[in-house]
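Naming: A, B, ... by sequence-line order, numbering from 1 per chain. Treat the numbers as computed from the prediction; the structure is a model and nothing was measured.
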Protein chains: 2
Amino acid sequence: MNRGSGGEVPVDLPRNYLRPCLLLLLAEGTSHGYELLEQISALGLDRVDPGGLYRCLRAMDQEGLVRSAWEPSTSGPARRIYELTDEGRGWLHVSAGSLAQVARSLAKYRRRYQRVAEQSVPVR
Amino acid sequence: MNRGSGGEVPVDLPRNYLRPCLLLLLAEGTSHGYELLEQISALGLDRVDPGGLYRCLRAMDQEGLVRSAWEPSTSGPARRIYELTDEGRGWLHVSAGSLAQVARSLAKYRRRYQRVAEQSVPVR
DNA sequence: CGTCGTAGGTGCACGATACACATAGCCCAC
DNA sequence: GTGGGCTATGTGTATCGTGCACCTACGACG
């Protein structure tokens, strides 16, 4: 629902989807922001805003979901590497359950949508 | 999310989920705000804010996705009944496709989550 | 030198959401 | 007939997530 032309409808992922995605990637192994930025597109997020990603990581750091440390690099700027904490792992489980609930809701929507779609767009 | 206590993780439905839900309900038949408010919980939305719902309906009215008319009532206050337009029906189809894409993304997340969950929470 | 790729970050504005509150009509009980 | 409850539709406002633009810094390469 972008202004004006009734054209493209963006994919409208769940709110806060970035957080569980980052937690999941960090559950697979420690990493740093730039790398996560590249990996995250594999989860359906597309054109992730780097600023938002770094902000999200720092927020989770302050909340204790992740731990961070600077890692100097010989070739290029230093990286801040992130590691999942136990609390973050707990949060990951909870939000995975929450996302499963969202998926159930979407399935319910789909079933109901298909009923009305059959009538307005009959099989050919 | 809620600052401080890593407590409740709300279900975080897709952004703008209200719109496609209302369009779907209206595709099943004309209705008015109050009734939609009661029906919408069946789609997974829970504790929907009435104000937001009415605002959403009026916005869709202005955008031409729905048509509205006042219907006087013998028992109780008048209702504004909403009817889906052709444009709204088109929007419904598009957003249903978009939601399907979200569902695919969530499925991808789930598969990947289960891989890491198997390791940290082994089967018992 | 400039510029490209890596890496991390801020500022700001907009839109969706959440929460509180307002209004008005009808009906029933007291 | 007054007060409260249900139906029905809204407004006002704060908050928060998101998107876009922009900035800094380091190393390497030509």
*Could you check how far CZ of B:Arg19 sits from P of C:dG15, rounded to whole Å?*
12 Å

*asked:* Using 30° and 60° as the class boundaries, would you call the ring planes of B:Tyr17 and A:Tyr109 parallel, tilted or perpendicular?
replied: tilted

*Give the angle between the helix axes at the two ends of the helix from C:dC1-D:dG30 to C:dC30-D:dG1, taking five base pairs at each end and rounding to 10°.*
10°

*Measure from CZ on A:Arg47 to P on D:dA21 and round the result to the nearest Å.*
12 Å

*Could you give the CG-to-P distance, from A:Asp12 to C:dG15, as a whole number of Å?*
14 Å

*Got a second to check how far B:Gln101's CD is from A:Leu13's CG, nearest 0.5 Å?*
8.5 Å

*Any luck finding a side-chain donor-acceptor pair between A:Ser41 and A:Asp46 under 3.5 Å?*
no

_Rounded interatomic separation in angstrom, taking CG from A:Leu13 and C1' from C:dA16_ = 15 Å

*Basic-acidic side-chain contact under 4.0 Å: A:Arg58, A:Glu63*: no

*So, B:Glu28 and A:Arg115, do they make that salt bridge, N to O below 4.0 Å?*
no

Scan nucleotides 9-13 of chain C against the protein and return all N/O pairs shorter than 3.5 Å with their distances rounded to 0.1 Å.
from	atom 1	to	atom 2	distance (Å)
C:dG9	OP1	A:Arg80	NE	3.4
C:dG9	OP1	A:Arg80	NH2	3.3
C:dG11	N7	A:Arg55	NH1	3.3
C:dG11	O6	A:Arg55	NH1	3.4
C:dG11	O6	A:Arg55	NH2	2.6

*Identify, with sequence neighbours excluded, every residue that meets side-chain contact (heavy atoms from CB on, under 4.5 Å) alongside B:Arg15.*
A:Asp12, A:Arg15

*Nearest nucleotide by nearest heavy atom, which residue falls closer to the 5' end of DNA chain C, B:Thr74 or A:Ser73?*
A:Ser73

*Might you point out which heavy atoms bring A:Arg104 and A:Gly97 nearest each other, and give the distance in Å?*
NH2-O, 4.4 Å

*asked:* Going by side-chain contact (heavy atoms from CB on, under 4.5 Å), name the residues that satisfy it together with A:Ala69, two or more places apart in sequence or in a different chain.
replied: A:Ile81

*Does some side-chain heavy atom of B:Met60 sit less than 4.5 Å from a side-chain heavy atom of B:Leu22?*
yes

*Drop me the distance from B:Arg89's CZ to B:Leu23's CG, to the nearest 0.5 angstrom.*
10.0 Å

_Can you measure B:Leu53 atom CG to D:dT11 atom C1' for me and round it to whole angstrom units?_
15 Å

*May I have the distance from A:Arg15 (atom CZ) to D:dG19 (atom P), rounded to whole angstrom?*
13 Å

*Distance, rounded to the nearest Å, where A:Glu63 contributes CD and D:dC16 contributes P*: 12 Å

_Nearest whole Å is fine: how far is D:dA8 P from B:Glu71 CD?_
10 Å

N/O to N/O distances under 3.5 Å, protein versus nucleotides 2-6 of chain C:
from	atom 1	to	atom 2	distance (Å)
C:dT6	OP2	A:Tyr34	OH	3.3

*Partners passing side-chain contact (heavy atoms from CB on, under 4.5 Å) against B:Arg110 (at least two apart in sequence or in another chain)*: B:Gln114

